[in-house]
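Counting from 1, the numbers follow the sequence of the chain as shown.
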Amino acid sequence: MPVGARTCLLGVVCLLAACHTQTRVQMPVGAALLPAPGEAAAHYDTQVPAGPGVLGEDASAIDEAVSNAAHEHGLEPVADPRLGALAAWTAAHATAEGQLPPEAAIDAAARHLGLVEPTPHFIGLTTNARAAVLDHLLRETRHAFAEHEYSHYGGSVRELGGQYLYVVALTWRWLTLVPVPRELALGTDVVLEGELTHGFGSPELAVTAPDGQVTRGAPAPSTHFALRVPTRLPGVYQVELLAQAKLGVEVVANFPVYVGVAAPSEIASPAYAPGKALTTAGDAAQASLELINHERQLARLRPLALDAPLCELARLHNLDMLEHGFLGHTSPITGTTVDRVTRAGIRSSLVLENIGRDSSVESVHAGLMNSPGHRGNILHPQATHVGIDVQTRGEGLGKIYLITQVFIRVSEPLPSDASALLLSSINQARAARGHAALHDDAGLRVIAERAAQRYFREPSLSDEQLMAGVRGELARTPSDHPRKLGALLAIAGGLDDVAALPALLDPAVRAISIGLSQGSRPDGFPNAICVVVLLAQ
């Protein structure tokens, strides 16, 4: 099978001398341990195994409801026995009131069975009137298919205290994947090879390593993918495949690979401590912010500030999704996240968005943190502000929270010793690569500083005109200056954006002159930093 561009994600160097093949994954504190749903799968696989997709009595009601609802949308979902087993396991661990286990537990059970796609959508129905169950199931499945396309389903019927609990699991599988082992020896690459389907394209890999660090590759220009993740630390690698669709970037696969450790044989069901009552959308947004900033504190990152205009943007997007029945970053009405931010007059060098939907604020947050791409947004070191909106639908056990988070970066004022700080960061990056430190060339610094000041003082000046002036001044410099002079212009949101530019890490460069200024131009974002760098060999 032809494959697209290969992306290789570099892991962190492992400082351990041995591979601990029998180490077990530590269970979360306070989690209840539940028996796993049957025999563990050896591989993650997109192929449907043989067997019935709906288990228990009255399976025909679930088959008929799903088939009729899907047919109304031109879809023909396939019954997958693994989803039937997952639905049966979910029903078996439901409460007497019919409340299903937490999403984190259901997701772990899905991975135990070898499923690769995001956590399935569940429909639960408790009734003592079996004669009317088809009408109820059809209404709920119609609503589900109106909001999302589903490709596979499974179900289960369980008697529960004189009543019957019907559970339907619906999922979307928009790829074919060469089977991936759930367990690997340390040092063995995780290999993802396959093809996107159903109009998805631009596959992109995101991985959370055992140390919690997120690495994200570049999108491949194809529906085919052959992606490789080196493993240099023992532990769990959360592997996520993203793809571009009509509603923006979506997660098409997300699963853990156990490297040098054994996969758990039981399912950990987290027990969330009851928090304060969330009586308003503002309370829920504040709770979401506190969860985000707790994660950032653990990662030694500065907390995010809640921004009112961004909260309004998030609110409008939530209402748009609810009104028009979609879940995604790209709206048919308002466009992309960047479109919405720009239209609101907000300019930033960084714009990110998370969208999650589940039965509580905590479970939405847990799901986002379990997704390397969304986790990377929450822990983005350059983010400074966030807008959060929470909308709810339904009541009681059927209550659903829809959360949108919009992250941006607001540049801070440059410190008085900004040039020295930037030079220090550049030299640290060079030292990490074994290159000699650059020395400051004071003789050329005035040229760099003058050009940087002109960038904001003369906003009609193009980048090329500005750099043409720099080159003219360099050509007139005295001959005792080193030859092979080069010039670099960068517009950034912060100094850390500049330090790792490839030109600054060239081992042939010996001297540097830095000019810095900060300001705003009509064609840029507020408080942008202009950096003009002169390099000499």
Side-chain angles (χ1 to χ4, degrees), residues 103 118-119 121-122 140 143-149 172 242 245-251 275-293 295 304-346 348 350-371 373-378 380 383 385-408:
E103 181 181 342
T119 308
H121 171 69
F122 280 84
E140 294 300 321
H143 184 75
F145 277 97
E147 288 193 338
H148 204 289
E149 294 182 6
W172 50 101
L242 306 161
K246 62 183 179 180
L247 296 178
V249 176
E250 293 192 30
V251 177
K276 61 182 180 181
L278 304 178
T279 57
T280 68
D283 289 340
Q286 182 62 36
S288 179
L289 176 66
E290 290 172 2
L291 289 168
I292 288 172
N293 281 335
E295 301 288 357
L304 300 182
L306 198 64
D307 183 85
L310 288 178
C311 289
E312 177 64 9
L313 275 185
R315 186 184 74 86
L316 293 175
H317 188 55
N318 266 350
L319 295 179
D320 182 19
M321 289 189 289
L322 291 173
E323 180 180 354
H324 296 100
F326 73 96
L327 187 72
H329 300 289
T330 301
S331 162
I333 308 298
T334 64
T336 66
T337 310
V338 173
D339 291 336
R340 293 188 288 274
V341 169
T342 303
R343 193 179 303 115
I346 301 170
S348 174
L350 178 74
V351 176
L352 306 168
E353 183 175 73
N354 282 348
I355 298 172
R357 182 176 60 179
D358 205 354
S359 57
S360 69
V361 172
E362 292 88 352
S363 57
V364 171
H365 177 77
L368 293 174
M369 289 300 293
N370 192 50
S371 160
H374 296 93
R375 177 190 179 95
N377 290 346
I378 289 173
H380 200 295
H385 292 69
V386 65
I388 303 173
D389 182 71
V390 182
Q391 298 291 325
T392 60
R393 190 186 70 196
E395 296 294 338
L397 297 179
K399 190 171 186 178
I400 294 295
Y401 288 76
L402 174 63
I403 301 181
T404 294
Q405 304 164 344
V406 184
F407 306 85
I408 66 168

Engineer: Using a 4.5 Å cut-off on heavy atoms from C-beta on, say whether the side chain of Ile355 contacts that of His329.
Structural biologist: yes

Engineer: Are side-chain heavy atoms of Val390 and Val364 found at a separation under 4.5 Å?
Structural biologist: no

Engineer: Calculate, to the nearest 0.5 Å, the distance between atoms OG1 and CG belonging to Thr392 and Leu322 respectively.
Structural biologist: 9.0 Å

Engineer: Quick test of your reading: applying salt bridge (charged side-chain N to carboxylate O under 4.0 Å, His left out), list the pairs with at least one residue in residues 306-322, sequence neighbours left out, ordered by first then second residue.
Structural biologist: Glu312-Arg315

Engineer: Could you grab the distance from atom OG1 of Thr330 to atom CG of Leu247, nearest 0.5 Å is fine?
Structural biologist: 7.0 Å

Engineer: If only atom types and distance count, is the side chain of Arg340 paired as donor or acceptor with the main-chain N or O of Leu316 below 3.5 Å?
Structural biologist: no

Engineer: Look up atom CD1 in Ile292 and atom CG in Leu368, then write down how far apart they are to the nearest 0.5 Å.
Structural biologist: 8.0 Å

Engineer: Which pair of non-hydrogen atoms, one from Gly387 and one from Ala314, has the smallest distance, and what is that distance?
Structural biologist: O-CB, 4.1 Å

Engineer: What distance do Leu304 atom CG and His380 atom NE2 have between them, rounded to the nearest 0.5 Å?
Structural biologist: 11.0 Å

Engineer: Do Ile333 and Glu323 have side-chain heavy atoms sitting under 4.5 Å apart?
Structural biologist: no

Engineer: Go through the steps for His148 and Trp172 under the test side-chain contact (heavy atoms from CB on, under 4.5 Å), then give the verdict.
Structural biologist: CA-CA 9 Å; His148 204 289; Trp172 50 101; 3.6 Å; yes

Engineer: When you measure from the side chain of His317 to the backbone of Gly328, do you find a donor-acceptor pair of N or O atoms at a distance under 3.5 Å?
Structural biologist: yes

Engineer: Where is the tightest heavy-atom contact between Val251 and Ser371, given as atom of each residue plus distance?
Structural biologist: CG2-OG, 4.3 Å

Engineer: Any side-chain heavy atom of Val386 within less than 4.5 Å of one from Leu306?
Structural biologist: yes

Engineer: Is the closest side-chain heavy-atom distance between Gln405 and Asn377 below 4.5 Å?
Structural biologist: no

Engineer: Provide the closest heavy-atom pair for Val351 versus Thr337 in the form atom of the first, atom of the second, distance.
Structural biologist: CG1-CG2, 3.8 Å

Engineer: Does any N or O in the side chain of Asp358 come within less than 3.5 Å of the main-chain N or O of Tyr401, such that one atom is a donor and the other an acceptor?
Structural biologist: no

Engineer: Could you give the distance from CG (Asn354) to OG (Ser288), rounded to the nearest 0.5 Å?
Structural biologist: 9.0 Å

Engineer: A side-chain contact here means heavy atoms from C-beta on lying under 4.5 Å apart; do Glu353 and Thr404 qualify?
Structural biologist: yes

Engineer: Report yes or no: do Glu147 and His121 form a side-chain donor-acceptor pair below 3.5 Å?
Structural biologist: no

Engineer: Excluding sequence neighbours, so at least two apart, what forms side-chain contact (heavy atoms from CB on, under 4.5 Å) with Val249?
Structural biologist: Arg216, Leu242, Gln244

Engineer: Determine whether Leu327 and Leu402 make a side-chain contact, defined as any pair of heavy atoms from C-beta on separated by less than 4.5 Å.
Structural biologist: yes

Engineer: Between Glu295 and His365, is a side-chain contact (heavy atoms from CB on, under 4.5 Å) present by the stated rule, with each step listed?
Structural biologist: CA-CA 10 Å; Glu295 301 288 357; His365 177 77; 3.0 Å; yes

Engineer: On a heavy-atom basis, which atom in Ile346 and which in Pro309 lie closest, and how many Å separate them?
Structural biologist: CD1-CB, 4.0 Å

Engineer: Is Glu103 close to Asn370 at the side-chain level, that is, under 4.5 Å between some pair of heavy atoms?
Structural biologist: no

